[in-house]
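For reference, the structure is listed below as structure tokens.
Computed from a prediction, not measured in an experiment: that's the story for all the values here.
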Amino acid sequence: MRRRLLLGLVLVLFFAAASLQAQPADPAETRRLHAFFESEWERGLQERPESASYRGDDRWNDRWNDNSLEAIEARHAADRQALAQLQRFDREKLSAQDQLNLDVMRWQLQRAVDGQQYNRHLMPVSQMGGVQSADGMAEVLRFATAKDYRDWLARMAALPASIEQATALMREGMRLGYMPPKVLMQRIPEQIRAQVVERPEDSPFWKAFERPMPEAIPASERTALKAQARRVISEQVVPAYREFGTFFEREYLPASRDSIAATDLPDGKAAYDFVAASFTTTDLTAEQIHQIGLREVARIRGEMEKIREEVGFQGDLAAFFEHLRTDPKFFHADPESLFTAYQAISKRIDPELVKIARTIPRMPYGVRPIPAHTAADNTTAYYQGPALDGSRAGFYYVNLYRPEVRPTWEMMALSLHEAVPGHHFQIARAQELGELPKFRRSGGFTAYVEGWGLYAERLGYDMGLYEDPYDRMGQHAYDMWRAVRLVVDTGMHAKGWSRQQAIDYFLDNSPKTEADITNEIDRYISWPGQALAYKIGQLKISELRARAERELGADFDIRDFNDAVLETGAVPLQVLEAHIDAWIAAGKR
């Protein structure tokens with residue numbers, strides 16, 4: 001039922017996008033709709049101060065999200081009320097663009113309301129993040145004024161209450177049977193222990209005070225702020241984490257479940273069907289997605305065989321994988337040289353962007369290491385978007401933990417995906433679509449966003465960046481990585497695969513190192529369905545590009561096509577398809 005409802009919403013969006021053309025609109029209804037959009041945007045920021053901080057809005061920088069059971073239910077009720085209010089707008093009185101805006105928000109609200117029943121908020125901690133890594137918030141804060149530091153001190157002082165709320169959610173999850181897998185929870189005690197320090201200066205929360213404080217803050221005030229930070233860390237932060245660690249190790253970890261499948265949770269099968277449909281914005285079943293993955297794995301293996309032959313490697317593909325995982329020539333000796341290499345690759349990519357797009361986002365990006373205390377359990381890299389108001393750049397975070405398992409052949413494809421022309425390029429471009437409401441400019445349909453990121457890896461060929469056959473092998477390895485995801489995610493959550501079976505399948509079909517593969521498999525266990533979006537989105541964008549090349553012939557220009565894909569901001573895949581079909585038709589005229 002939920003899958004059919006999601007598909008119905010997609011079809012509404014499809015026909016809305018397909019009919020985008022000038023039409024008369026009622027000014028009063030338009031004003032009312034945009035006031036609603038602005039009100040909902042503001043509500044989202046007020047309800048989620050952490051999200052506001054990430055977006056560069058500092059009005060609530062002194063507090064964490066209120067994750068009490070009462071506040072969560074109030075947010076759920078507000079979502080239901082907003083959805084009902086949205087239904088009362090007269091769609092026929094709106095312009096085609098505002099019809100699309102309305103339908104996109106309806107999709108998002110409907111997904112939020114439909115997801116309430118699955119109670120995923122009762123599992124607030126994973127190996128990838130939670131209250132045990134709350135210090136990471138400091139990475140996005142500016143610390144330019146004394147107020148910025150006072151806000152951080154207030155946030156630190158409020159941390160014990162935030163931890164208590166997380167503990168209450170976890171206890172409720174224990175009572176109702178919403179428990180994460182033990183194999184993941186075993187990673188967390190070490191993360192909590194990293195917060196229980198003897199010296200305040202050793203706390204991850206102190207890092208905001210390690211950097212030079214602005215000279216505009218008087219010396220006496222700088223001294224007082226640091227003294228207060230030491231007190232708050234020693235007297236409030238560390239004791240709260242020590243108590244949380246005791247609860248976690250004595251009660252929560254022993255009660256966590258031995259199984260890994262999302263389908264083993266209450267309403268698990270329906271929940272997995274829901275997240276698969278939501279993340280991919282399709283009506284594909286788990287079995288259909290599994291079969292797509294198997295076909296892609298077979299295709300990419302053929303491409304890898306060609307690289308093996310090109311470089312003259314004597315041995316089969318499995319031996320070639322082992323060579324790529326272990327030969328010292330593919331690894332940097334230390335974290336510093338690995339980081340320098342990532343920076344150099346980013347600089348190499350930047351000037352080639354003019355080959356694949358006419359519109360280059362104005363917002364810059366930087367490269368940063370993933371914080372050391374979370375790196376061991378984190379992915380190879382991730383991207384953090386810029387502030388919507390332009391006050392903070394985007395950042396490409398790279399994992400420097402154990403450089404001996406970070407091969408050089410993956411770095412080009414990874415950088416193309418996470419930075420430019422991947423996530424930074426797409427997200428910064430969306431934020432600069434000033435004619436769209438804020439919720440559209442910061443939209444996050446995973447199949448579109450991650451589909452573009454994976455498609456961007458292939459744009460390296462158009463940019464002339466894959467001259468080295470090992471870099472090309474890296475591109476195939478990353479393509480394979482996302483194809484394998486389709487197989488192992490559905491395998492574990494819908495077909496009864498074990499964790500080890502998933503790891504072995506990944507190892508058999510990819511040269512990624514076992515450390516990376518294990519972290520990836522655990523991520524899919526922790527976040528069911530999300531990993532399906534990448535390859536499904538990439539396949540759709542690639543299909544649309546092939547269609548445009550075929551239909552437009554000599555008139556096709558990759559720069560115009562990529563601009564057309566990005567000019568909608570993030571939308572469901574069927575909406576993107578309708579938009580590109582209209583773009584092709586206009587090009588033919």
Side-chain angles (χ1 to χ4, degrees), residues 41-67 71 129 131-165 194-241 363-374 384-395 397 431 438 442:
W41 176 261
E42 189 72 7
R43 174 174 76 90
L45 296 177
Q46 291 180 9
E47 289 179 348
R48 297 172 179 83
E50 294 168 41
S51 177
S53 293
Y54 276 107
R55 298 188 188 285
D57 189 327
D58 63 1
R59 288 176 290 170
W60 302 279
N61 274 4
D62 59 346
R63 66 196 73 175
W64 306 101
N65 294 351
D66 185 347
N67 284 324
V131 290
Q132 77 276 16
S133 56
D135 59 281
M137 174 62 67
E139 292 280 323
V140 304
L141 302 177
R142 290 193 286 273
F143 295 107
T145 68
K147 180 182 182 301
D148 294 334
Y149 287 92
R150 289 195 295 270
D151 283 344
W152 185 237
L153 290 168
R155 238 177 189 153
M156 288 197 295
L159 187 66
S162 184
I163 292 175
E164 287 178 8
Q165 289 177 351
Q195 300 285 3
V196 182
V197 297
E198 294 297 324
R199 297 173 61 252
E201 294 83 358
D202 294 330
S203 168
F205 284 86
W206 177 259
K207 287 185 178 178
F209 298 90
E210 281 181 350
R211 65 191 76 166
M213 298 177 74
E215 291 295 326
I217 303 174
S220 59
E221 189 170 5
R222 294 199 298 270
T223 300
L225 289 169
K226 288 185 175 182
Q228 187 178 352
R230 291 186 179 92
R231 287 194 301 272
V232 172
I233 291 171
S234 295
E235 299 172 10
Q236 295 175 267
V237 173
V238 170
Y241 276 121
M363 178 60 71
Y365 73 97
V367 185
R368 284 178 173 174
I370 291 175
H373 66 287
T374 63
Q384 174 190 289
L388 192 59
D389 66 357
S391 60
R392 185 189 69 245
F395 284 96
Y397 281 81
Q431 289 186 354
K438 290 176 183 175
S442 62

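Scanning for ring pair (Phe, Tyr, Trp, His ring centres under 6.0 Å) contacts around Y397 gives Y382, with sequence neighbours left out. With sequence neighbours excluded, the residues satisfying side-chain contact (heavy atoms from CB on, under 4.5 Å) with P364 are A393. Scored by the ring pair (Phe, Tyr, Trp, His ring centres under 6.0 Å) test, W64 finds no partners at all (sequence neighbours excluded). With sequence neighbours excluded, no residue satisfies side chain to side chain donor-acceptor pair (under 3.5 Å) with Y149. Remark: N65 engages R48, P49, E50, N67 in a side-chain contact (heavy atoms from CB on, under 4.5 Å) (not counting sequence neighbours). Annotation: side chain to side chain donor-acceptor pair (under 3.5 Å) contacts of Q195 (sequence neighbours excluded): D135. Qualifying salt bridge (charged side-chain N to carboxylate O under 4.0 Å, His left out) partners for D389, counting only residues two or more places apart in sequence or in other chains: none. For E198, there are no side-chain contact (heavy atoms from CB on, under 4.5 Å) partners, not counting sequence neighbours. For R231, the side chain to side chain donor-acceptor pair (under 3.5 Å) test picks out no residue, with sequence neighbours left out. Listed by chain and number, the residues in a side-chain contact (heavy atoms from CB on, under 4.5 Å) with D62 are D151, A154 (sequence neighbours excluded).
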Step-by-step salt bridge (Lys or Arg N to Asp or Glu O under 4.0 Å) determination, D57 to R59: CA-CA 6 Å; D57 189 327; R59 288 176 290 170; 2.7 Å; yes
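In this structure, the side chain of R55 does not engage the main chain of G385 through any donor-acceptor pair within 3.5 Å. For S442 (side chain) and K438 (main-chain N/O), a donor-acceptor pair under 3.5 Å exists by modelled atom type. Listed for the Q228 side chain is no donor-acceptor partner under 3.5 Å among the backbone atoms of L153. Judged purely by atom type and a 3.5 angstrom limit, R155 uses its side chain to pair as donor or acceptor with the backbone of N61.
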Let me have the donor-acceptor pairs involving side chains of residues 217-226, under 3.5 Å, with sequence neighbours excluded, atom names and distances please.
{"residue": "E221", "atom": "OE2", "partner": "R150", "partner atom": "NH1", "Å": "3.0"}
{"residue": "R222", "atom": "NH1", "partner": "I217", "partner atom": "O", "Å": "2.4"}
{"residue": "T223", "atom": "OG1", "partner": "A219", "partner atom": "O", "Å": "3.1"}

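Pairs engaging residues 210-219 under the salt bridge (Lys or Arg N to Asp or Glu O under 4.0 Å) rule: none recorded [sequence neighbours left out].
Between S234 atom OG and E201 atom CD the span is 8.0 Å, to the nearest 0.5 Å.
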